[in-house]
Amino acid sequence: MKIITDERCTGYHSPGHPERPARISGTLERLRSQKDLTIEWAKPSCADEDAVLRAHTPGHIARLRVPEDFDGDTPYFPQIADFARSSVAAALEALKSARAGKTVFGLMRPPGHHATQSRAMGFCYLNNIAIAVLEALATGTKRVAVYDFDVHHGNGTEAILADKTGAAFFSIHQYPCFPGTGTGNVGKNCFNFPVAPQTPREAYRNVLERALGELKKFKPELVAVSAGFDAYAHDPIAQETLEAEDFHWLGQKLRGLGVPLFSLLEGGYSSDLPDLIFAYLKGLAGK
Ligand SMILES: [Zn+2]
């Protein structure tokens with residue numbers, strides 16, 4: 001199991017904000033103190049500007065340096081542009097590792113799946129996964145699928161990948177919930193699976209499995225997973241019901257695809273996040 005992380009990503013925070021440094025530091029502690037998985041640790045290098053510009057406008061990239069909040073959920077921080085770029089670099093590194101046949105997880109913040117071409121929102125500044133998918137397509141991979149199991153709709157990833165040849169997007173999310181999109185399919189390649197709040201675990205798993213069945217039909221050569229752990233029963237900002245064993249099950253299912261795959265951390269705001277990530281990683285590793 002390869003984990004791409006950089007402890008420096010804990011270097012910004014806003015008091016009371018759910019997207020907080022402990023999400024990473026607690027997970028690092030959990031992973032360092034376990035013996036079930038052999039972990040190869042890696043640090044992200046730096047993100048190629050051309051790769052970032054495939055997904056975002058120059059205006060958006062410039063805006064990240066302007067010291068004004070983006071919206072009520074998405075504060076400005078000094079150096080947020082650099083933190084966001086580091087997260088992108090981890091995504092690009094994860095892509096390389098997946099291509100080299102490794103089981104790999106990007107453990108970074110900020111997350112990315114709400115960031116659109118021209119807007120930071122929902123705690124996200126640059127869209128890590130979309131940038132990695134576009135990089136994959138630009139460098140020889142013909143068919144890439146995104147599987148987004150974060151409890152929120154990956155509106156940014158959808159906006160960036162809609163109707164892009166070779167890409168397909170599958171999002172399973174609570175609706176109604178932030179950001180309020182994802183009720184129907186978009187373009188020819190974005191497939192949304194909204195789930196009502198408080199949907200029982202078994203029924204939620206059925207939807208996760210149905211989305212995975214649709215993804216298989218696309219026959220991807222590579223799968224990029226937006227791994228958010230906020231569909232957890234005790235997550236403070238959503239109203240779903242999954243338990244740690246469901247994330248373990250999901251890891252096993254994704255492993256079962258038998259396709260090169262990388263996962264990037266998106267959301268997950270409960271103090272149990274380290275256990276949820278660990279359960280998922282064990283599933284991915286076949287343990
Ligand atoms: Zn989320």
Side-chain angles (χ1 to χ4, degrees), residues 9 13-14 16-24 26-27 70-75 83-84 87 90-91 105-116 119-130 132 146-161 169-183 190-199 201 204-205 207-208 211 224-244 246-247 250-251 254 263-277 279-280:
C9 78
H13 83 286
S14 174
H17 199 291
E19 203 291 279
R20 60 200 197 285
R23 300 176 65 235
I24 304 296
T27 304
F70 299 89
D71 60 32
D73 289 332
T74 317
F83 287 114
S87 244
F105 186 81
L107 178 65
M108 292 289 286
R109 60 193 283 269
H113 74 150
H114 295 304
T116 70
R119 188 173 166 207
M121 61 180 278
F123 323 159
C124 300
Y125 301 85
L126 293 173
N127 198 312
N128 312 311
I129 204 147
V146 176
Y147 186 77
D148 185 332
F149 68 80
D150 186 282
V151 80
H152 302 99
H153 177 232
N155 63 298
T157 311
E158 176 180 276
I160 295 166
L161 298 183
F169 174 71
F170 302 83
S171 177
I172 308 90
H173 47 266
Q174 179 181 317
Y175 183 85
C177 197
F178 179 87
T181 48
T183 51
C190 297
F191 304 95
N192 287 310
F193 299 81
V195 184
Q198 305 291 353
T199 295
R201 283 170 67 196
Y204 205 107
R205 273 200 196 199
V207 182
L208 289 164
V225 183
S226 267
F229 297 84
D230 37 13
Y232 177 50
H234 307 292
D235 195 276
I237 69 167
Q239 292 76 43
E240 291 301 352
T241 58
L242 298 187
E243 297 290 349
D246 298 309
F247 293 107
L250 193 50
L254 288 164
S263 305
L264 304 178
L265 179 63
E266 299 283 1
Y269 306 99
S270 152
S271 53
D272 297 331
L273 178 66
D275 291 329
L276 307 180
I277 293 177
Y280 175 67

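What you are looking at is a predicted structure, and each value in this text was computed from that prediction instead of being measured. Each ligand, and each atom within it, is numbered from 1 in the order the structure gives.
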> Do any of the N, O or S atoms of D230 sit under 2.8 Å from the Zn ion (ligand 1)?
Replying inline: yes

> For the Zn ion (ligand 1), which N, O or S atom of D150 is at the shortest distance?
Replying inline: OD1

>> Only N/O/S atoms count here: what is the atom of H152 closest to the Zn ion (ligand 1) called?
In response: ND1

> Backbone or side chain, does H113 get an N/O/S atom under 2.8 Å to the Zn ion (ligand 1)?
Replying inline: no

>> Nearest 0.5 angstrom please: Y232 OH to T241 OG1, how far?
In response: 11.5 Å

> With distance as the sole criterion, is a donor-acceptor pair present between the side chains of N155 and H153 under 3.5 Å?
Replying inline: no

> Are S263 and Y280 linked by a side-chain donor-acceptor pair shorter than 3.5 Å?
Replying inline: yes

> Rounded to the nearest 0.5 Å, how far does OH of Y147 lie from OG of S171?
Replying inline: 9.5 Å

